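Working notes, beginning with the structure itself.
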2 protein chains.
Amino acid sequence: MTQTPAIKSPSARARILTAAKSRFAAAGFEGTSTRQIAEKAGVAQSLLLYHFASKDELWRAVMDAQFERADALRQAVTVSDSLSIEDRLMAGVDAFITLCAEDPDLHRLMTIEGRSKSDRLEWLVETHLRRFFGPTRDLIVEGQKQGVIRNGDPVLLYYTIIAIAGSVFSFEPEMSLLEPRNNAQNRETVSALIRQVLFAQGS
Amino acid sequence: MTQTPAIKSPSARARILTAAKSRFAAAGFEGTSTRQIAEKAGVAQSLLLYHFASKDELWRAVMDAQFERADALRQAVTVSDSLSIEDRLMAGVDAFITLCAEDPDLHRLMTIEGRSKSDRLEWLVETHLRRFFGPTRDLIVEGQKQGVIRNGDPVLLYYTIIAIAGSVFSFEPEMSLLEPRNNAQNRETVSALIRQVLFAQGS
DNA sequence: TATGATCCTGATCAATTGATCAAGGACAGT
DNA sequence: ACTGTCCTTGATCAATTGATCAGGATCATA
């Protein structure tokens, strides 16, 4: 069996993944060269293409790792427990906020390739995004039926949540250029804003 | 005087600007090649660098044109009329929503370069973004003093507005991949969502 | 129809891109 | 010491990048 490499020497491969993540998040796929990643990881450029078949596959590996971390979010929404719809939805939202606050790269990676149709965006949607969107959307629709959640296009509501939760953290460079700031209790504020949007009394 | 070219033949130069705008919005500065723009504009690649000194300057010209269109927005917020803070702020918000709905490229151009610090982002912030941010921020702060607008970091509130208003329209490709949709009355919904965020009774 | 300025193109440049390959190092098991 | 597998590097490839340049259209004015 030439397969089952299981755990290769973690150091170099892991350093490549880390470097690639931060570069892809900052400049996008096209804006990042394999040599930039290699330099940041402290390895030869040719080593990237030994561990990953192509730049494209390296990008996919980065995405896979990111969304593995995010799976706790999906579970929070999916578990059909005795919890109310409101609680389940906000559990997912807060999990997402936590992820974004811990590592702004997640939201950047999710969105930076999403501006124009491309094979990469299509892969991202089908492989990862849909798994989060599906259950969350169902929850929103059900909440609307029960009159707990404001009416309106559920996809629009879903994207509004993503936009509020993510952009506050991922646009930190731009925001701090505009005005020096203190991001101490952003998480609570963002959570309150989203709650306002979802559960407002307005139709 | 070799200067004062004033109005050059509009057709080619304008076609270049239009093509550049849509490419830059879709793929960002680094993800777009001058040849792609030239092909879309139906001109030779060398013509881009006849009309604009460099790719960088072409990008800046695109941005200048975009923000010229957006100046109505700034005026709506700036005019210190008899209007209430609430009305002035929502006038600006609705103007921004209209701009984003008419042309999703505006929000994409504003944000696609804003993920990592770069000379381009710095130029964008200092030359354009600050002119919009300043008056709007002042309005938010004044509204908070009067107890009309919810408390919290004004920069965060500002960015939340931008995020809600813009991303709903600019992520249309991604959203329609997730689910076929009808964007008929998005504008009213978005406006209502933002109003909810700004003027909610919550602290 | 000359003149001159403006607009536009194709050829070409050096630099950078993702990718490939030969070669050797590290290190285990025999 | 020998073998074989996995890891890593440097040299190098064709393709693409932004930029430059010489020269030809085009067109108003004289």
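These numbers come from a predicted model, not from an experiment. Residue numbers start from 1 in every chain, and the chains themselves are labelled A, B, ... in the order their sequence lines are given, proteins ahead of strands.
Side chain of A:Arg88 to main chain of A:Val79: a donor-acceptor pair is present (N/O by atom type, distance under 3.5 Å, no hydrogens or angles). In this structure a side-chain-to-backbone donor-acceptor pair under 3.5 Å is missing from B:Gln36 to B:Arg23. A donor-acceptor pair under 3.5 Å is formed between the side chain of B:Arg15 and the backbone N or O of B:Ala41. In this structure a side-chain-to-backbone donor-acceptor pair under 3.5 Å is present from A:Arg108 to A:Ser170.
OP1 and OP2 of D:dC6 both lie 4.0 Å or more from every side-chain N or O belonging to A:His51. Within the structure, a side-chain polar atom (N or O) of A:Tyr50 is placed less than 4.0 Å from OP1 or OP2 of D:dC7.
For the salt bridge (charged side-chain N to carboxylate O under 4.0 Å, His left out) condition, no pair includes a residue of residues 36-52 of chain A, sequence neighbours left out.
Rounding to whole angstrom units, CZ of residue A:Arg120 and P of C:dG18 are separated by 11 Å. Distance A:Lys55 NZ to D:dA15 C1': 14 Å, rounded to the nearest Å. Between the CG atom of A:Leu48 and the P atom of D:dC7 there is a distance of 15 Å, given to the nearest Å. In this structure, B:Ile16 places its CD1 atom 11 Å from P of C:dC7, rounding to the nearest Å. Atom CZ of B:Phe52 is separated from atom P of C:dT6 by 17 Å (rounded to the nearest Å). Nucleotide C:dT17 holds its P atom 6 Å from the CD atom of A:Gln36, rounded to whole Å. When rounded to the nearest whole Å, the span between CG of B:Leu49 and P of C:dC8 equals 14 Å.
Contacts with DNA chain C (heavy atom under 4.0 Å) in residues 19-33 of chain B: none are found.
To the nearest 0.5 Å, the span separating CD1 on B:Ile194 from CG on B:Leu157 amounts to 11.5 Å.
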Quick one: which protein N/O atoms are closer than 3.5 Å to N/O atoms of nucleotides 10-13 of chain D? Pair and distance per line, please.
from	atom 1	to	atom 2	distance (Å)
D:dG10	N7	A:Ser46	OG	3.4
D:dG10	O6	A:Ser46	OG	2.8

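Evaluation of the side-chain contact (heavy atoms from CB on, under 4.5 Å) rule for A:Ser84 yields A:Glu86, A:Asp87 as partners, not counting sequence neighbours. Partners of B:Arg120 by salt bridge (charged side-chain N to carboxylate O under 4.0 Å, His left out), not counting sequence neighbours, listed by chain and number: B:Glu30, B:Glu113. In this structure, the side-chain contact (heavy atoms from CB on, under 4.5 Å) partners of B:Arg187, at least two apart in sequence or on a different chain, are B:Ile97, B:Thr98, B:Ala101, B:Phe169.
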